[in-house]
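See structure below.
In what follows, chains carry the letters A, B, and so on, assigned in the order in which the sequence lines appear, proteins first and then strands, with residues in each chain numbered from 1. Both backbone and side-chain heavy atoms feed into the values below; hydrogens, waters and symmetry mates do not.
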Protein chains: 2
Amino acid sequence: MPDIGDLRTRCVLPIGTVIQLTDLTARQIRYYEAQDLVHPERTAGNHRMYSLNHIDTLLEIKGQLADGFTLADIKQLMHPRHREPNSDEEVRQMLRDELMNQSRLNQANNIRQGFGFRP
Amino acid sequence: MPDIGDLRTRCVLPIGTVIQLTDLTARQIRYYEAQDLVHPERTAGNHRMYSLNHIDTLLEIKGQLADGFTLADIKQLMHPRHREPNSDEEVRQMLRDELMNQSRLNQANNIRQGFGFRP
DNA sequence: GGTCAATGTCACCTATTCTAACATCTATCC
DNA sequence: GGATAGATGTTAGAATAGGTGACATTGACC
């Protein structure tokens, strides 16, 4: 029996499937890609193809957005920049950013009303 | 985080994905459906949608075919008929069938050369 | 050689996805 | 209050992917 266990990393899901599995719109999914947050493969016919890992990433993004984070924030959190000469200042900046987002989060929580699952 | 764990039974995979995961052709997949061996759902636009369980079924069919079984045989093996008045005769017949297929299997094995995995 | 099961191929039509552009909405800032 | 920026909606036009149906081909088997 062929191994489909690598299905988590195999890009076999078209955007329609992703829409169903994430409850995001095509517009959102493509926009997050434009913001460099997901990088689906392309078919010979230029159609986007996603893996289950991509799905997880998109769900993470969705959650972070619901928590009040910005796409730029999320990108930083996902791909923390390599240390560079003046890294101290950058780190401080990132911490400041996170704290600011944290405060935004508390405001956002009032609007969230349970992401994903409603009891 | 939404639950995509029921992905095994959720019909979210279009035929193109199934083709990639099974190495079957669209013609084969549709033919097996015409023979009543798989029953994908349909989108509003009449496109077939498969679950991971469907993938497994198709891989089973592929294996059985490679083993020399007939689609009719496979259908019998998958959906054994309910017992009926003259079930004894049917059972004997099915056993005869299986034995015959088993002999065919031995012939077929010479042609198989390792299904799915090549060492 | 004829038959049947399984598959290939082609033509024509519909659905899905693509890009690009413009519109909308909501905070945030001056 | 109006400008700005981030996130998303909407629409148009073109291309790819998938649907059906019919006919052709291949390979066993009698």
If you look at every heavy atom in [X] and [Y], which pair is closest and at what distance?
X      : Y      : result
V38(A) : I29(A) : CG2-O, 4.3 Å
I19(A) : L24(A) : CG2-O, 3.3 Å
L59(B) : L21(B) : CD2-O, 4.3 Å
Q35(B) : K75(B) : O-CD, 3.7 Å

Check the side chains of T57(A) and H54(A) for a donor-acceptor pair under 3.5 angstrom, ignoring hydrogens and angles.
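Distance-only check fails for H54(A) and T57(A).
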
Keeping the roles fixed (side chain from [X], backbone from [Y]), state whether a donor-acceptor pair exists under 3.5 Å.
X      : Y      : result
T70(A) : D73(A) : no
K62(A) : T22(A) : yes
T17(B) : V12(A) : yes

For the pair made of [atom1] in [X] and [atom2] in [N], what is the distance, rounded to whole Å?
X      : N      : atom1 : atom2 : result
Q64(A) : dA7(D) : CD    : C1'   : 16 Å
I74(A) : dG6(D) : CD1   : C1'   : 12 Å
I29(A) : dG9(D) : CD1   : P     : 11 Å

Joint cluster assignment, V18(A) & M49(B), ILVMFWY side-chain distance < 4.5 Å:
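No, it is not one cluster - the side chains of V18(A) and M49(B) are not joined through contacts under 4.5 Å.
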
Is any side-chain heavy atom of E33(A) less than 4.5 Å from a side-chain heavy atom of P40(A)?
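E33(A) reaches P40(A) side chain to side chain.
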
Protein heavy-atom contacts under 4.0 Å, written 5' to 3' over nucleotides 2-7 of chain C as B (base), S (sugar-phosphate only) or - (none), form the string ---SBB

Spell out protein contact along nucleotides 12-19 of chain D as letters: B when the base is contacted, S when just the sugar-phosphate is, - when no protein heavy atom is under 4.0 Å; keep the 5' to 3' order.
----SSSS

Polar-atom pairs under 3.5 Å, protein N or O versus N or O of nucleotides 10-13 of chain C: list them with distances, or write none.
none

